[in-house]
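Computed from a predicted structure; not experimentally measured. Both ligands and their constituent atoms are indexed starting at 1 by order of listing.
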Amino acid sequence: MSGAPDLTPEAARVAPFLQCGRFVLSLDRPLVMGVVNVTPDSFSDGGRFLAPGAAVAHAQRLIAEGASVVDVGGESSRPGAAPVAAAEELARVMPVVRALRDAAVPVSVDTAKPEVMRAALAEGASMVNDVTALAAPGALETVASSDCAVCLMHMQGEPRTMQLRPVYDDVVRDVKRFLADRVGAAEHAGIARSRVVIDPGFGFGKTADHNLELLRRLRELAGLGVPVLAGWSRKSTLGSITGRAAADRLAASVAAALIAVQNGARIVRVHDVAATRDALAVWQAVEERNCRGDRGRDSRQAQSGP
Ligand code: 7PJ
């Protein structure tokens, strides 16, 4: 039994689209969010895209590879990371957000600071991705007063210390209760459910066991009636399973993204867009046959035979 009650069946039906600023994203098929880090210390690609030009070029490449959203972040939230001042975060992300304002897909800003949210939204960003689920004073109001989408993520503790000793009663139930609460707070602040995405926050104050249990039971979160986003790309649990360094976790990341989608995720946040898209296209091709309730050409031929 889950501690957080599911919404009524009517409300629990996930809207088939996400309102995202001037964009409306169809959720009929799983979407890929491409990661654009503009940080000197991100664990997997830290420093590579710190120059705005390099970050913009990288974002454009991810869009060409089929990203439906690009997520621009200027504050590393990797385990042990120290907080970044707002001025520094703004200096990192704003040139990139500005350069992408006419991009063909929505730009998301990965930040917990209302000040950064406001600046990015004013410069054309269409989504706020907040690893603290709009906890900062003024964050709910900032998002409510715009038409952007928002990702509400669960984290236990804070990046500097979150991996020291994460403890849960039942990790899925605890995360679900938190997210139900934040979806309620967002709705109460005037953020329509059609703008909201939830994320269990893989790796954010969670052991490998916690992450795997959340992935196994991800479908329980879909009961909250908003789309689920999953971020497994290159994360350390994949390193502990495969023994590989962050840069060599492509296959493991694609596998995790695929399992997340199979277990109900509608958006996956990844570094490697092209490979993830290919894997999801195979999943989608099989899914479409499931939806048609059709066993395919061979069975039809057999039925229509003499
Ligand atoms: C996540 C994120 C995630 C959401 C990061 C990394 C570490 N935002 N920001 N979900 N992870 N919504 O890039 O791997 O899992 S930072």
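- If you number the atoms of ligand 1 from 1 as listed, the ones under 4.0 Å from a heavy atom of Asp110 come out as 9 (N).
- Heavy-atom proximity to atom 4 (C) of ligand 1, evaluated over Val197, Asp199, Leu229, is greatest for Asp199.
- Within the structure, ligand 1 has Phe204 among the residues with a heavy atom less than 4.0 angstrom away.
- Grouped with Leu250 in one hydrophobic cluster are Val254, the linkage being side-chain heavy-atom contacts under 4.5 Å among Ile, Leu, Val, Met, Phe, Trp and Tyr residues.
- With a 4.0 Å cut-off on non-hydrogen atoms, Arg269 touches ligand 1 through its side chain and not its backbone.
- At least one heavy atom of Ser77 sits closer than 4.0 Å to an atom of ligand 1.
- The contact set between ligand 1 and Lys235, taken as ligand atoms under 4.0 Å from a residue heavy atom, comprises 1 (C), 3 (C), 11 (N), 14 (O), 15 (O).
- Enclosure of atom CZ in Arg22 by more than 12 non-hydrogen atoms of other residues, nucleotides or ligands within 6.0 angstrom is indicated.
- Neither the backbone nor the side chain of Asp71 comes within contact range of ligand 1; no heavy atom lies under 4.0 Å.
- Remark: Lys113 engages Glu75, Glu89 in a salt bridge (charged side-chain N to carboxylate O under 4.0 Å, His left out) (not counting sequence neighbours).
- Of the charged side-chain nitrogens involved, at least one lies within less than 4.0 Å of a carboxylate oxygen, so that Arg173 and Asp169 count as a salt-bridged pair.
- Using modelled atom types and a 3.5 Å distance limit, the side chains of Ser253 and Arg234 yield no donor-acceptor pair.
- Heavy-atom contacts of Cys151 reach the following atoms of ligand 1: 12 (N) (cutoff under 4.0 Å).
- Geometrically, ligand 1 and Asn37 share no nitrogen or oxygen pair separated by less than 3.5 Å.
- The closest side-chain donor-acceptor pair between Thr237 and Asn211 falls under 3.5 angstrom.
- For His210 and Tyr168, the gap between ring centers is short of 6.0 Å.
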